[in-house]
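Here the structure is a predicted model, which is why all the values come from computation and not from measurement. Note that the numbering runs from 1 along the sequence shown for the chain.
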Amino acid sequence: MSPRPMTRPGGRSARVQESVHAAVRALEAEQGRAALTVPLVAARAGVTPSTIYRRWGDLQELLSDVAVERLRPEAPPADHGTLRTDLESWAEQFLEEMASPPGRAYIRDALAGDPDGSNAGQCSAYAAEQVDVILARAADRGEQVPDAELVMDHIVAPMMYRLVFRPGPLDASYARGLVEATLAGLMPPR
C-alpha cells in the first residue's frame, strides 16, 4: 500500500474520507469500538467496503487515520505573553488531552495501524507546528528561544514515552517540570 498523503485530499476523495471518518465516529459513539467492522462503516458512510479496503487497507489502518485526524489541534496555542507561560500552558493542555482516556485510545489507534510510520510522523508534526508557533512568538517578543527539536526532545518526547510505556497518572506539575528543566538546562540565564 502506498503511503497516505500528509495533506488533505480534495474533491470526491475528501468527501469519501469525511463520510467514512464521520461514520466511524458515529458508530463508535453508538455501538462502541469493538462493534466496528468495515462493512458496517461502509454502509453508514454510503460507500462500498472495497472503497475502504482500497483506501485504508483494513479496519486498523482506518482507525489509525481517524485517530490522527482527531489528534489534530483545533487552534493555535494560546499566547500568554512569555515563552515560559506559553510553553507551560501548552504542555499542560497537551498532556491533559493525550493522557485522557480518549487521547490514549487515539494514540494506540494511530500507532497500531501505521505500518510505514506516516501517522506517527503526522502526529509529531502537529506538536512540532504548535511548538514552532510558541517559539516564533517568543522570538518576535525578543526572548531567547531554544531550538524546536530540543523542545520536542525534552518536553514532548518524555510525555509521549510515559503515556505509551509507563501509563500511570500524569499531571500538570509533571508538564511544568519538563518545561522548567528544559528552559533552565538548555537556556541558562545570560
Please evaluate residues Leu36 and Val41 with respect to the criterion side-chain contact (heavy atoms from CB on, under 4.5 Å), reporting the C-alpha separation (whole Å), side-chain torsions for both, the decisive distance (0.1 Å), and the verdict. CA-CA 7 Å; Leu36 294 179; Val41 171; 4.3 Å; yes
Side chains of Arg72 and Gln122: do they bring a donor and an acceptor to under 3.5 Å?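 No, no side-chain donor-acceptor contact under 3.5 Å.
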Quick one about Ser64 and Asn119 (side-chain donor to acceptor, distance below 3.5 Å, no hydrogens or angles considered), yes or no?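 Judged by distance alone, the side chains do pair up.
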Are the side chains of [X] and [Y] in touch, meaning some heavy atoms are under 4.5 Å apart?
| X | Y | result |
| --- | --- | --- |
| Leu59 | Thr37 | no |
| Leu183 | Arg84 | yes |
| His80 | Glu88 | no |
| Leu27 | Leu40 | yes |
| Arg44 | Val20 | no |
| Val66 | Asp109 | no |
| Ile107 | Met160 | yes |
| Tyr126 | Val68 | yes |

Main-chain N/O of [Y] paired to [X] side chain as donor or acceptor, under 3.5 Å:
| X | Y | answer |
| --- | --- | --- |
| Thr182 | Leu178 | yes |
| Arg70 | Gly103 | no |
| Arg104 | Ala99 | yes |

Compile the donor-acceptor pairs under 3.5 Å between side chains in residues 127-135 and protein atoms, sequence neighbours left out, one pair per line.
residue, atom, partner, partner atom, Å
Gln130, OE1, Trp90, NE1, 3.2
Gln130, NE2, Ala75, O, 3.3

What heavy-atom pair brings Pro39 and Pro49 nearest, and what distance separates the two atoms?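 In terms of heavy atoms, the two residues are closest at CA-CG, 4.1 Å.
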Ala120 and Asp114: which non-hydrogen atoms are nearest, and at how many Å?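 The pair with the smallest heavy-atom distance is N-OD2, 2.8 Å.
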Centre of Tyr174's six-membered ring, under 6.0 Å away, within 45 degrees of the axis: is that where NZ or CZ of Arg162 sits?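 Cation-pi check for Arg162 and Tyr174: passes.
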Could you check whether atom CD of Gln60 has more than 12 heavy atoms from other residues, nucleotides or ligands sitting under 6.0 Å from it?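 It does: Gln60 CD has more than 12 such atoms within range.
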I need the [X] [atom1] to [Y] [atom2] distance, nearest 0.5 Å.
| X | Y | atom1 | atom2 | result |
| --- | --- | --- | --- | --- |
| Ser100 | Glu96 | OG | CD | 8.0 Å |
| Asp171 | Glu92 | CG | CD | 9.0 Å |
| Gln17 | Trp56 | CD | CH2 | 6.0 Å |

In plain terms, say whether [X] and [Y] are close enough for a salt bridge, that is, a side-chain N and a carboxylate O under 4.0 Å apart.
| X | Y | value |
| --- | --- | --- |
| Glu61 | Arg55 | no |
| Arg141 | Asp86 | yes |
| Arg25 | Glu18 | yes |

Those residues that, when tested against Thr85, pass side chain to side chain donor-acceptor pair (under 3.5 Å) (two or more places apart):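 With sequence neighbours excluded, Thr85 shows a side chain to side chain donor-acceptor pair (under 3.5 Å) to Thr82, given in chain and number order.
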Test salt bridge (charged side-chain N to carboxylate O under 4.0 Å, His left out) on Arg137 and Glu143; report intermediate values, then the result. CA-CA 9 Å; Arg137 279 194 311 233; Glu143 295 180 75; over 6 Å; no
Is there a continuous path of hydrophobic side-chain contacts, each under 4.5 Å between heavy atoms, that joins Leu95 to Met98?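 The answer is yes; both residues are in one hydrophobic cluster.
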